[in-house]
Amino acid sequence: MARPRTLNVLEGGISFMRLAGFNFIPAKILRVQYKPTSVSMHWIDRVAKALLKRDKKPVIASGISVSGNIHIGHCNDVFIADGVRRALEELGGEGQAFWYADDFDPMRRIPWPLNEGELAEKYKQYLGIPYINIPSPDPNYKNFVDFFARPFIESLDGFGIDVKIYSGAEIYRSGKMAEPTRTALKHADKIRTILNRYRSKPLPEDWLPYDALCERCGRLATTRSLSWHDNYVSYKCEGSDYVAGCGHEGEADFTKGQGKLTWRVEWPARWKLLGVTCEPFGKDHAVVGGSYDTGKLIAKQVFKCNAPYPVPYEWVSLKGRQMSSSKGVVFTLPQWLEIAEPELLRYFIFRSKPMKAKEFDPGLALLDLYDEYDLVEQVHFGLVEASARRKEQLKRIYQLSQLRKTPRRRVQRVPFRFATVLAQVMRDEKYAINVLTSREMLTDPSKSDIELAFRRLSCARNWVSKYAPERLQFKVAETLPAEAVQLLSKQQKQGLTQLAADLSSRDFTPVELHNHIYELAQRVGLKASELFKAIYLALLGRESGPRVGNFISVLDKEFVISRLGEATL
RNA sequence: GGGCCCGUAGCGCAGUCUGGCUAGCGCACCGGCCUUUUAAGCCGGGUGUCGAGGGUUCGAAUCCCUCCGGGCCCGCCA
């Protein structure tokens, strides 16, 4: 059985007045401040509420530059956007969320894993070229963007995220950006003034907020816009600090996607075009004088619209290292689903405030995340006590962690730690169900309880093989590990024989069995450790393993009896 | 130079937005139990000037100001 435990998630703010202190508290204060049921609102709900005050149909944007693998740090963006949308609907509003792939940006660095070996050589030529125009390293994908973005996009549904997907390149090519671009070009002076407020080195007077695509070399990062007229921007391909230009001079038709607005202008232009009223973004944009600040001013003065309600968020680090798609320090959505349920990632994101740094470690720390999630679930179903205020918070976090609707009935869970043992032993599903029901981890399980159990077992199996320390891994030997068994002493064999007999004559609970081993050891004149060792040698071919009581009770009894018999021949 | 986050028990953290019960949780530690080991033995024990100083308040870990220390981000790419 699970060790009874409480976790720190249950602790915390207690909003009750000190009742015993009535005589110390002036009556007027009591009247004003004593609010035992004071509402503590989740930040997602606070955002949603603020949005509804402004307008009835908020549009929440999210997006990311497809510069490499899209990892769980990037997920904050779309998870928060979708979370706000959901909260809006729950408040009776009508939200719409989308995810925007910045796939028309130029590649400034070759991302992992394309920056290794031969590929690195090959991809050098694409520096400065828009991602969308770079080929995929794998023929199963259309191009660079498809290669990196598709696994992410296809995973979203599995995390309960329901957003519209936009492609920056498509929007430019469709001509939808033509008018905002024209507006920006017309007001280049005004924009320059705004940007210069935060620059120490002012932009040149002939600066234009546009990056043309060089028609000769295909690069976007290398051109300098010289002037514009009608639908055209004339440019020269001069090069940038990381890639040389080809020297070509030409004209780009900005109504046909032959270039794009520079980032700090593109962002507010997008707000205008898509009517964005809320947007989460990484802390890098949130800095004073950063792209949000200038975007706000440009939106107001040039595009005549309001900047979206900002939701800045911190980044996620992986085992203490800053996640980075270019360096390959990544953990992706498909990787997540191998070892953990999607609800856990939502929980991971929604349990703390957005600007609090998050740290993910797929190793042993994952066990704690599982336990914490299960505990919160128990609080939700009223099976574990928490203070009224904390309970309210945890329930909301639990709801936000759900892919869609919050389950009404209590969910039966297999503790993940236990799953890591069972997963290494079970032969088939029926076997697993037997073990789980006989150990009362599942009681009269519903179909969905069983599905959840198997999903968790499959995660546990993957986790053990990919992320667990070796000491947690074991494999029951299919045939008698003859060499190992040769090492057994006479008394050890005697102990095993007796154990086999005891097992066939009665049933043991795991704890009883564990205790029984000690008695047995004494009876045959062995130190307990010698008998434990013998058991592990016979079953695993090594001297240690999972706690014996648990271990044997998840194994097939007949198998254990016959194996012990074989070992003593 | 600017911004954000963090500083609470030996370690890792919750609680801070919305001030109010005796400041909590995990691990570690200490003492018992009947017994190898393992991030699933059991029971009992909190070991703390809530970074420092000032202010507001009946009341401050929580709000305000100043300072100190650590981390990250931005510094004109996006």
Side-chain angles (χ1 to χ4, degrees), chain A residues 1-21 24-26 28-30 33-36 38-41 43 46 64-65 67 102 105-106 108-109 195-203 211 221 240-242 262-264 266-267 282-291 293-294 312-315 317 322 351-353 355-357 359 363-368 371-372 375 387 389-390 393 415-418 420-421 468-469 471-472 474 510-511 514-519 521-522 527-533 536 543-551:
Chain A
M1 287 301 287
R3 176 163 58 108
R5 59 201 304 220
T6 51
L7 286 182
N8 54 1
V9 285
L10 294 183
E11 299 314 315
I14 293 143
S15 59
F16 299 121
M17 293 286 290
R18 196 185 344 156
L19 293 176
F24 298 116
I25 302 164
K28 68 166 193 195
I29 307 247
L30 263 182
Q33 296 191 351
Y34 181 49
K35 287 184 261 175
S38 79
V39 184
S40 71
M41 214 188 281
W43 52 272
R46 221 169 292 144
I64 178 161
S65 182
S67 58
D102 278 309
D105 295 355
R108 41 191 38 256
R109 240 188 326 197
L195 295 181
N196 281 343
R197 279 168 62 167
Y198 298 100
R199 296 173 67 100
S200 52
K201 194 174 132 203
L203 291 162
D211 295 326
S240 73
D241 54 351
Y242 60 92
T262 184
W263 164 249
R264 281 187 185 241
E266 179 182 83
W267 204 17
K283 61 173 175 179
D284 50 335
H285 296 300
V287 170
V288 167
S291 47
D293 271 7
T294 53
Y313 59 83
E314 249 286 357
W315 294 349
S317 61
Q322 204 52 253
R351 70 173 168 177
S352 59
K353 285 171 228 171
M355 275 305 279
K356 242 174 121 115
E359 155 108 34
L364 284 172
L366 184 70
L367 301 176
D368 290 336
D371 282 355
E372 202 178 299
L375 188 62
S387 76
R389 177 166 164 176
R390 191 69 185 140
Q393 288 174 342
F416 190 73
R417 286 165 211 269
F418 179 78
T420 61
V421 176
R471 65 169 196 279
L472 297 185
F474 65 88
V511 176
H514 188 74
N515 290 338
H516 187 72
I517 305 292
Y518 288 97
E519 288 165 25
Q522 223 168 19
K527 279 205 278 187
S529 61
E530 292 299 305
L531 184 51
F532 279 111
K533 224 182 263 182
Y536 292 126
E543 295 193 345
S544 63
R547 196 164 277 275
V548 160
N550 289 315
F551 182 38

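Proteins come first, then strands; the chains are lettered A, B, ... in the order of their sequence lines, and each starts at number 1. Nothing here was measured: the structure is a model prediction, and the numbers come from that model. Because only heavy atoms are used, hydrogens play no part in the values below, and waters and symmetry mates are left out as well, while side chains stay in.
Remark: the separation of the P atoms in C58(B) and C67(B) is 28 Å, to the nearest Å. Annotation: C74(B) and G48(B) have their C1' atoms spaced 37 Å apart (nearest Å). Nucleotides G54(B) and C13(B) have their C1' atoms positioned 29 Å apart, rounded to a whole Å. Rounded to the nearest Å, the gap between the C1' atom of U36(B) and that of G46(B) is 30 Å. When the C1' atom is compared between U16(B) and G7(B), the two are found 13 Å apart, to the nearest whole Å. Look at the C1' atom in both G12(B) and G70(B): the space between them is 16 Å, to the nearest Å. Distance noted for atom C1' between C65(B) and G24(B): 29 Å (whole Å). C64(B) and C5(B) have their P atoms separated by 11 Å, given to the nearest Å.
Looking at the side chain of V287(A), the nearest of the listed nucleotides U37(B), C73(B), C17(B) is C73(B). Out of C77(B), G3(B), C17(B), the shortest distance to the side chain of V288(A) is found at G3(B).
Residue-level contact check: F418(A) touches the bases, meaning some heavy atom is under 4.0 Å from a base atom. Nucleic acid contact class of L367(A) (heavy atoms, under 4.0 Å, all strands): sugar-phosphate only. Residue F474(A) is classed as having no contact, given no heavy-atom separation below 4.0 Å to the nucleic acid. Heavy atoms of S317(A) sit nowhere under 4.0 angstrom from any nucleic acid atom.
Ring to ring, F474(A) and Y536(A) are not that close: their centroids are 6.0 angstrom or more apart.
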Q | Evaluation steps, side-chain contact (heavy atoms from CB on, under 4.5 Å), between W267(A) and T294(A) | A | CA-CA 10 Å; W267(A) 204 17; T294(A) 53; over 6 Å; no

Q.
Evaluate L472(A) against T420(A) for side-chain contact (heavy atoms from CB on, under 4.5 Å), listing each step before the verdict.
A. CA-CA 8 Å; L472(A) 297 185; T420(A) 61; 5.8 Å; no

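With hydrogens and angles ignored, the 3.5 Å screen pairs a side-chain donor or acceptor of R46(A) with a backbone N or O of M41(A). The backbone N or O of A221(A) lies less than 3.5 Å from no partner atom in the side chain of D211(A), so there is not a single donor-acceptor pair.
When the nearest nucleotides of RNA chain B are assigned to A286(A) and F532(A) by heavy-atom distance, the more 5′-ward of the two goes with A286(A). In this structure, H285(A) and Q322(A) both approach RNA chain B, and ranking their closest nucleotides by distance from the 5' end singles out Q322(A).
Per the geometry, CD belonging to E359(A) stands 8 Å off P belonging to C13(B), to the nearest Å. Atom CH2 in W43(A) sits roughly 19 Å away from atom P in C4(B) (whole-Å rounding). To the nearest angstrom, P of U37(B) lies 10 Å from OH of Y536(A). The interatomic distance linking W267(A) (CH2) with C77(B) (C1') rounds to 15 Å, in whole Å. Between the C1' atom of G75(B) and the CG atom of D284(A) lies a distance of 13 Å, rounded to the nearest Å. Taking atom OH of Y198(A) as the reference point, atom P of C73(B) lies 22 Å away to the nearest angstrom. At whole-Å resolution of the value, CG in D368(A) and C1' in G26(B) are 8 Å apart. Spacing between atom CH2 of W315(A) and atom P of C4(B) amounts to 16 Å, rounded to whole angstrom units.
Of the nucleotides present, G32(B) is the one that pairs with C42(B) by Watson-Crick or G-U wobble criteria, both distances under 3.5 Å. Here G20(B) sits opposite C58(B) as a Watson-Crick or G-U wobble pair (both hydrogen-bonding atom distances under 3.5 Å). The base-pairing partner of U49(B), taking Watson-Crick or G-U wobble contacts with both distances under 3.5 Å, does not exist among the strands shown.
In this structure, CG in D293(A) is found 8.5 Å from CZ in R264(A), a value given to the nearest 0.5 Å. Atom CD of residue E314(A) and atom CD of residue E359(A) lie 11.5 Å apart, to the nearest 0.5 angstrom.
One finds a side-chain N or O of K356(A) lying less than 4.0 angstrom from the OP1 or OP2 phosphate oxygen of C6(B).
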